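Single-structure report; data block below.
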Amino acid sequence: MRLERAELLHVSLPLITPFRTSFGTMTSKDTFLLHIVTDRAEGWSEFAADPEPLYCAEFIAGAEIVIRDFLLPRVAALRTPTTAALAPAMAAVKGHELAKAALETALLDAELRAHGLPLATFLGSVHERVPAGVSVGIKDSLPELIDDVERYLAEGYVRIKLKIEPGWDVAPVRAVRERFGEALPLQVDANTAYTLADAEHLGKLDEFGLLLIEEPLEENNLHAHARLQRRLTTPVCLDESIHNARDAASAIALDACRVINIKPARVGGYPEARRIHDLAAAHGVPVWCGGMLETGIGRAPNLALAALPGCTLPGDTSASGRYFAEDITEPFVLRDGHLPVPTAPGIGIDPLPDALARFTTARRRLYPR
């Protein structure tokens with residue numbers, strides 16, 4: 001397989017409703033798609049971060065430079081840019097896991113399409129469909145929150161995740177528990193909004209039988225999360241703190257978490273995500289696939305990961321209609337609380353030309369320059 005062309009397409013899709021977390025409010029999904037053309041097949045991927053470095057250090061403009069000036073030249077210099085050769089070729093570039101994941105996924109998509117192999121088969125997925133959870137953003141009032149949760153449950157979602165922050169935590173969890181009962185699978189996500197000084201307050205969440213509390217403290221502070229876990233009965237789940245399998249191994253050894261949220265983009269791509277899955281499974285630690293409000297281009301491969309045997313908790317692989325009135329691919333539709341795992345070669349889906357044209361705001365050729 002030989003790399004012939006790489007282009008970047010900036011896209012902007014309005015969200016159906018604003019999505020508020022502890023680090024900001026999103027009203028649209030603004031990102032870029034990476035389109036790779038080889039002599040054997042084409043591949044697509046989606047950059048997972050945002051225009052500003054608020055959720056993580058990476059952001060759209062910076063990732064474009066990293067891919068164009070540092071990653072693509074190394075990949076283009078490979079005699080055969082297979083997936084197995086990419087990580088060693090890009091290793092000299094420190095960090096930038098989300099940029100690396102975008103390039104690796106696009107090339108992996110092309111390679112798998114050339115061989116007629118679905119990503120789910122490549123990863124070793126064992127399910128044809130996966131249970132879907134939904135993430136509910138911070139609301140202006142408890143009645144608004146209850147209305148949203150009720151609507152998502154009526155649509156069939158099997159697990160509810162509530163975004164929380166100081167001042168919006170115990171009360172919304174209590175309201176949801178009282179309204180929908182103890183049987184509802186419920187978890188919370190703090191997106192690093194608390195400190196260890198809040199341990200006593202976070203302990204008040206223990207009475208609600210939560211599946212987990214996700215990334216409550218500052219990212220990369222495994223020691224603090226381990227100390228917090230000793231004070232909680234609710235399992236701590238790490239997200240932003242896990243950048244690779246080494247981090248996962250350290251977190252498990254320190255008992256800094258008892259659940260791991262695997263976001264393939266955050267850990268550098270799907271092969272590394274599979275390594276984290278295998279490591280966690282070997283230690284009896286459940287994992288699940290997180291989401292970044294992806295379009296269908298990012299959602300499709302996440303479903304393949306979520307179908308791995310160790311993904312025993314419902315992930316954030318919500319239906320397309322949870323976020324977008326119109327997607328840039330055929331929509332993923334919730335049926336009986338589940339979404340289908342794509343079975344076509346590669347990531348299993350392509351952008352719809354008309355929708356892609358409407359939502360594309362800029363197009364840039366990265367290779368050859």
Side-chain angles (χ1 to χ4, degrees), residues 48 83-84 87 97 101 104-105 108 112 117-135 157-161 185-189 210-215 222 225-226 229 234-292 294 298-318 332 337-343 347-348:
T83 304
E97 289 88 359
E104 181 182 78
T105 302
L108 175 60
L112 293 177
L117 189 68
L119 177 61
T121 303
F122 171 79
L123 291 176
S125 303
V126 297
H127 302 293
E128 295 180 352
R129 62 178 197 155
V130 297
V134 66
S135 182
Y157 286 102
V158 300
R159 184 271 283 154
I160 298 294
K161 179 170 84 172
L186 180 65
Q187 63 193 58
V188 296
D189 182 6
L210 300 176
L211 293 173
L212 56 91
I213 177 171
E214 187 177 348
E215 201 75 26
L222 300 184
H225 277 103
Q229 182 65 92
T234 302
V236 169
C237 172
L238 289 183
D239 173 2
E240 291 94 332
S241 291
I242 306 298
H243 303 280
N244 48 54
R246 292 189 303 275
D247 289 345
S250 297
I252 292 170
L254 292 169
D255 195 24
C257 68
R258 294 175 184 172
V259 183
I260 294 176
N261 172 2
I262 303 178
K263 288 178 179 168
R266 193 195 63 242
V267 302
Y270 289 87
E272 186 68 11
R274 173 66 207 236
R275 284 187 280 273
I276 294 172
H277 164 277
D278 293 350
L279 171 76
H283 288 83
V285 175
V287 300
W288 53 283
C289 181
M292 296 282 284
E294 291 92 349
R299 195 170 306 277
N302 280 355
L303 288 166
L305 179 74
L308 288 172
C311 292
T312 55
L313 296 174
D316 285 340
T317 49
S318 306
F332 287 94
H338 291 68
L339 290 176
V341 177
T343 57
I347 65 171

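Values below: every heavy atom of this structure, side chains too, minus hydrogens, waters and symmetry copies. Owing to the predicted nature of the structure, the values given are computational and were not obtained by experimental measurement.
- Under the 4.0 Å criterion applied to side-chain N and carboxylate O atoms, E214 and K161 are assigned as salt-bridge partners.
- Distance alone, capped at 3.5 Å, is enough to place a donor-acceptor pair between the S250 side chain and the R246 backbone.
- Counting heavy atoms from C-beta outward, T317 and V130 have side chains that approach closer than 4.5 Å.
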Apply side-chain contact (heavy atoms from CB on, under 4.5 Å) to L119 and L108, showing your working.
-> CA-CA 9 Å; L119 177 61; L108 175 60; 3.8 Å; yes

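- When all heavy atoms of E104 and P271 are compared, the closest pair comes out as OE1-CD, 3.2 Å.
- For the atom pair CG of L212 and CG of L313, the computed distance is 6.5 Å after rounding to the nearest 0.5 Å.
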Go through the steps to decide whether V341 and E128 satisfy the test side-chain contact (heavy atoms from CB on, under 4.5 Å), and finish with yes or no.
-> CA-CA 5 Å; V341 177; E128 295 180 352; 5.8 Å; no

Determine, stepwise, if the pair W288 / T312 fulfils side-chain contact (heavy atoms from CB on, under 4.5 Å).
-> CA-CA 7 Å; W288 53 283; T312 55; over 6 Å; no

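- Remark: V158 engages P131, P314 in a side chain to side chain contact (heavy atoms under 4.5 Å, CB included) (not counting sequence neighbours).
- Contact of the H283 side chain with the I252 side chain is registered, since non-hydrogen atoms from C-beta on lie closer than 4.5 Å.
- Counting only heavy atoms from C-beta outward, the side chains of V134 and D316 never approach each other to under 4.5 Å.
- Here the side chains of L238 and L222 are in contact, with some heavy-atom distance below 4.5 Å.
- When every heavy atom of P340 is checked against every heavy atom of L303, the shortest pair comes out as O-CD1, 3.4 Å.
- To the nearest 0.5 Å, atom SG of residue C237 and atom CG of residue D189 are 8.0 Å apart.
- Under the side-chain hydrogen bond (donor to acceptor under 3.5 Å, both in side chains) criterion, R258 pairs with D255, not counting sequence neighbours.
- Of the inter-residue distances, the one linking L279 atom CG with R275 atom CZ reads 11.5 Å to the nearest 0.5 angstrom.
- With E272 contributing its side chain and A245 its backbone, the two residues share a donor-acceptor pair below 3.5 Å.
- Contact between L308 and V126 at its shortest, heavy atoms only, is C-CG2, 4.3 Å.
- In this structure, CG in N261 is found 11.0 Å from OG in S241, a value given to the nearest 0.5 Å.
- Between I242 and I276 the shortest side-chain heavy-atom distance falls below 4.5 Å.
- Under 4.0 Å is where a charged nitrogen must lie from a carboxylate oxygen, and between R266 and D247 no such pair does.
- Scanning all heavy atoms of the two residues, the minimum distance from L305 to C289 falls at CD2-SG, 3.9 Å.
- Looking only at distances, no side-chain donor or acceptor of E97 sits under 3.5 Å from a matching main-chain atom of V267.
- Closest approach of G284 to P286, counting heavy atoms only: O-CD, 3.6 Å.
- The main-chain N or O of A101 is found under 3.5 Å from a side-chain atom of T105 such that the two form a donor-acceptor pair.
- The stretch residues 300-311 participates, sequence neighbours left out, in these side-chain hydrogen bond (donor to acceptor under 3.5 Å, both in side chains) pairs: Y270-N302, E294-N302.
- Nearest approach of V287 to A280, heavy atoms of both residues: CG1-CB, 3.4 Å.
- Distance check: Q187 CD to I160 CD1 gives 9.5 Å after rounding to the nearest 0.5 Å.
- Atoms SG and NE2, from C311 and H127 in turn, are 8.5 Å apart once rounded to the nearest 0.5 Å.
- No side-chain heavy atom of P235 sits less than 4.5 Å from a side-chain heavy atom of I213.
- Between K263 and D239, the closest side-chain pair of non-hydrogen atoms falls below 4.5 Å.
- Here the side chain of H277 pairs a donor or acceptor atom with the backbone of G310 at under 3.5 angstrom.
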